[in-house]
Amino acid sequence: MSDHFISIERAENDLLDCAAYLAERIRSGDGHAEAMKAIIPQFLAKNDVDLAAELANAIDDPHSRDKFLIAVAVKCAEIDDEDYGLQLADAIEDHGLQSQAFERIGLILAGKGKIERASEVGDLMGHSDFVDAAIAVHEASAGNEVAAEETIVNIEFPTARVSALQQIGASQIDAGKTAEGIATIEEAVAAAGEIEHDEEQIRTLCELGNVFLDAKANDKAIETYDLARSIAETLTNQHRERFLVMCAMGFLNAGSIELADRTLDLVTDKTQMASAMLAFARYYWAKDEKDEAVDSLEEAYAIIRSQRDTETRDSRARNALFTTISTQFAAFEKPERAVEAGLENADPNEQMNALVQIAQIMTIKKQDALARDTLSQIEDDSSRLMALIGMADAKRKLDDAPAAIEILDEAASLAETVPQFSARSEVLNEIADRFVALEQPEKVRAVALENLNVIAQIRDETSRAAAIANLAAIYSSAGIEPQENEKIAMRGFAVQATV
């Protein structure tokens with residue numbers, strides 16, 4: 001391990017410094033790198049790129065070190081210190097990650113209008129196409145269309161060329177230059193034909209179809225989705241049906257239910273089919289065709305329920321979709337059906353996730369009794385508290401701050417029911433964060449002090465350092481400084497880490 005950069009005096013007076021002090025002394029290389037995930041971004045948020053770079057460079061694992069150095073280099077470019085950023089990028093050992101760092105710096109410089117500097121950075125890479133694309137986008141936004149066209153012509157990589165045309169076209173449409181924007185997107189569709197990788201070509205065409213929809217050019221959108229579908233039909237891998245569903249949804253949003261149905265006839269995977277029917281349900285609900293919406297959602301539910309294990313390619317995707325369908329029942333004012341579907345989920349974590357979201361939706365709909373009924377069915381203590389926090393969020397959205405505060409007070413009083421200290425600390429942080437949003441600084445500090453007592457009981461040194469860093473973010477967002485009680489706790493952490 002390299003030299004340490006945080007003194008004990010700093011660690012005793014600042015929460016983030018305290019977290020970094022502890023993390024620097026973690027003997028496990030993996031543990032040290034993991035703790036820094038919660039720490040280095042916060043130093044970057046403070047624009048302290050020098051310390052962030054030192055902390056990153058002290059990480060033993062080369063891959064983790066290089067990833068952090070990318071983050072620091074990018075931040076340097078954002079705050080107009082690209083020279084230091086390029087110096088850090090040059091120190092990255094992995095060639096692929098180094099190119100990624102140069103590219104991201106180049107994109108930022110191009111976005112800032114530093115065209116010559118961005119071009120210089122592009123020259124440091126093997127392929128500068130995406131940087132050139134960003135330069136073209138800036139030139140077009142500045143009204144220099146001739147220069148933009150010249151830049152685009154010189155882009156060899158089709159995906160980058162399409163990206164530039166897509167961004168320019170979308171900007172033109174947003175600016176009210178609809179005809180120009182449509183012409184630019186048509187040019188992008190033609191350029192997409194040069195993309196060699198089928199999956200990438202289909203995805204790009206669907207994105208371009210979405211831009212046509214934004215321009216109300218539904219006929220052009222349908223042509224583009226049809227082109228994407230024709231390619232998707234030729235696929236022989238597991239991505240085929242997902243892309244067919246994407247095309248079907250494009251047809252639906254473009255107003256062609258017939259083409260959407262015909263495309264879905266090609267889909268056999270039940271997870272993908274259920275996902276499509278869920279999208280149909282939302283489409284009908286948005287058009288105020290509520291009976292059709294509920295029928296489509298019921299069909300999605302029936303399809304996902306009927307899927308056997310032997311038919312399931314991705315159980316995580318299936319269970320996550322099950323959760324989405326159950327919460328959609330709540331949004332469609334079918335709370336009993338929502339809870340029934342949520343409890344049927346094969347994944348206990350997803351089951352709890354569904355109930356948490358349903359309780360929040362019921363609160364937003366001002367059906368507090370149903371929200372409480374749902375809450376009572378959540379067995380996991382941590383999930384139950386997250387549901388309360390979600391209900392408080394809903395009250396805040398309804399501009400009912402007193403009710404939100406009352407629910408958060410309830411959650412804080414029940415936090416001790418969470419047996420795992422790391423999980424309890426996360427919950428307390430979430431509660432404190434909500435008190436920040438509600439402008440309750442005294443409640444923020446009270447919950448934070450309780451959290452420090454919890455963190456003191458976390459034995460794993462990586463989890464402890466990360467928990468302190470997460471708490472530091474709360475203090476920063478609240479704009480409050482540690483007082484004597486917090487400093488006593490930090491002093492104890494620092495001394496214990498030094499022993």
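In this structure, T327 contributes its side chain and T323 its backbone to a donor-acceptor pair below 3.5 Å. Q201 places a side-chain N or O within donor-acceptor distance of the main-chain N or O of A192, the cut-off being under 3.5 Å. For Q42 (side chain) and A38 (main-chain N/O), a donor-acceptor pair under 3.5 Å exists by modelled atom type. A donor-acceptor pair under 3.5 Å is absent between the side-chain atoms of Q167 and the main chain of V137, judged by distance alone. A donor-acceptor pair under 3.5 Å links the side-chain atoms of D129 to the main chain of E156, judged by distance alone. Checking side-chain atoms of T462 against main-chain N and O of G31 turns up a donor-acceptor pair under 3.5 Å. Of the possible polar contacts, one joining the K365 side chain to the A331 backbone as a donor-acceptor pair under 3.5 Å is found. Within the 3.5 Å criterion, the main-chain N or O of D94 finds a donor-acceptor partner in the side chain of D66. Proximity of a side-chain donor or acceptor of S275 to a complementary backbone N or O of T271 within less than 3.5 Å is not detected.
With rounding to the nearest 0.5 Å, the separation of CZ in R313 from CZ in R242 is 11.5 Å. Atoms OG1 and CG, on T374 and L355 in that order, are 7.0 Å from each other to the nearest 0.5 Å. Here L385 contributes atom CG and I431 contributes atom CD1; the two are 6.0 Å apart, rounded to the nearest 0.5 Å. In this structure, the separation between CD on Q166 and CD on E187 is 13.0 Å, given to the nearest 0.5 Å. Rounding to the nearest 0.5 Å places CG of D198 at 5.5 Å from CG of L235. Of the inter-residue distances, the one linking D269 atom CG with R240 atom CZ reads 11.0 Å to the nearest 0.5 angstrom.
Side-chain atoms of D314 and R318, non-hydrogen and from C-beta on, never get closer than 4.5 Å to each other. Looking at heavy atoms from C-beta onward, D373 lies out of side-chain contact with V339 at the 4.5 angstrom threshold. Side-chain contact between V189 and L205 is present, with at least one heavy-atom pair separated by less than 4.5 Å. For the pair L264 and F280, the minimum side-chain heavy-atom distance is below 4.5 Å. Using a 4.5 Å cut-off on side-chain heavy atoms (C-beta onward), F157 and F130 make contact. Between K270 and I304 there is no side-chain heavy-atom pair separated by less than 4.5 Å. Looking only at side-chain heavy atoms (C-beta outward), V74 and E78 come within less than 4.5 Å of each other. Between Y225 and N210 the shortest side-chain heavy-atom distance falls below 4.5 Å.
Note on D61 versus K67: no salt bridge recorded, every NZ/NE/NH1/NH2 to OD/OE distance being 4.0 Å or above. By the 4.0 Å N-to-carboxylate-O rule, R161 lies close enough to E194 to be salt-bridged with it. We find that R337 and E340 are joined by a salt bridge, their nearest charged nitrogen and carboxylate oxygen being less than 4.0 Å apart. Using a 4.0 Å cut-off between a side-chain N of Lys or Arg and a carboxylate O of Asp or Glu, R229 and D226 qualify as a salt bridge. Note on E34 versus K37: salt bridge recorded, some NZ/NE/NH1/NH2 to OD/OE distance being below 4.0 Å.
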Self-check item: Step-by-step side chain to side chain contact (heavy atoms under 4.5 Å, CB included) determination, T184 to Q172
Solution: CA-CA 9 Å; T184 302; Q172 290 170 331; 2.7 Å; yes

Practice problem: Tell me, with the steps shown, if F212 and I182 meet side chain to side chain contact (heavy atoms under 4.5 Å, CB included). | Solution: CA-CA 7 Å; F212 279 131; I182 290 174; 3.9 Å; yes

Practice problem: List the steps and the verdict of side chain to side chain donor-acceptor pair (under 3.5 Å) for E200 and T159. | Solution: CA-CA 8 Å; E200 185 178 349; T159 302; 2.3 Å; yes

Quiz item: Can you check side chain to side chain donor-acceptor pair (under 3.5 Å) on Q328 and T324, steps first, answer last?
Solution: CA-CA 6 Å; Q328 196 66 58; T324 305; over 6 Å; no

Exercise. Could you check I303 against E299 for side chain to side chain contact (heavy atoms under 4.5 Å, CB included), going step by step and ending with a plain yes or no?
Key: CA-CA 6 Å; I303 292 170; E299 186 174 351; 4.0 Å; yes

Exercise. Before giving the answer on side chain to side chain contact (heavy atoms under 4.5 Å, CB included), spell out for I135 and D132 the whole-Å C-alpha distance, their side-chain angles and the decisive distance to 0.1 Å.
Key: CA-CA 5 Å; I135 290 173; D132 292 336; 4.2 Å; yes

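Here the closest heavy-atom approach between residue K220 and residue T224 is recorded as O-OG1, 2.8 Å. When all heavy atoms are compared, the tightest approach of I173 to G181 is CG1-CA, 3.8 Å. The minimum heavy-atom distance between A228 and I202, with the atom names listed, is O-CG1, 4.0 Å. Here the closest heavy-atom approach between residue L438 and residue R396 is recorded as CD2-CD, 3.4 Å. Pairing each heavy atom of A19 with each of A465, the nearest pair is CB-O, 3.4 Å. The two residues C247 and T263 come nearest to each other via the heavy atoms CB-CG2, 4.4 Å.
Shown here is H127, whose NE2 atom has no more than 12 heavy atoms of other residues, nucleotides or ligands within 6.0 Å. The 12-atom threshold is not exceeded at NZ of K334, counting heavy atoms of other residues, nucleotides or ligands nearer than 6.0 Å. The number of heavy atoms from other shown groups lying within 6.0 Å of CG (D309) does not exceed 12. Counting non-hydrogen atoms of other residues, nucleotides and ligands closer than 6.0 Å to CD of E379 gives a total of 12 or fewer.
Legend: side-chain hydrogen bond (donor to acceptor under 3.5 Å, both in side chains) pairs involving residues 405-431, not counting sequence neighbours, sorted by first then second residue: R372-E410, D409-K443, S425-N451, N429-N451, E430-R434.
Applying ring-ring contact (aromatic ring centres under 6.0 Å, His included) to F329 and the options Y301, W285, F322 leaves one that passes, Y301.
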Ignoring hydrogens and angles, write down the donor-acceptor pairs under 3.5 Å from the side chains of residues 248-258, residues two or more places apart or on other chains.
{"unit_1": "N253", "atom_1": "ND2", "unit_2": "M249", "atom_2": "O", "d": "3.1"}
{"unit_1": "S256", "atom_1": "OG", "unit_2": "L259", "atom_2": "N", "d": "3.3"}

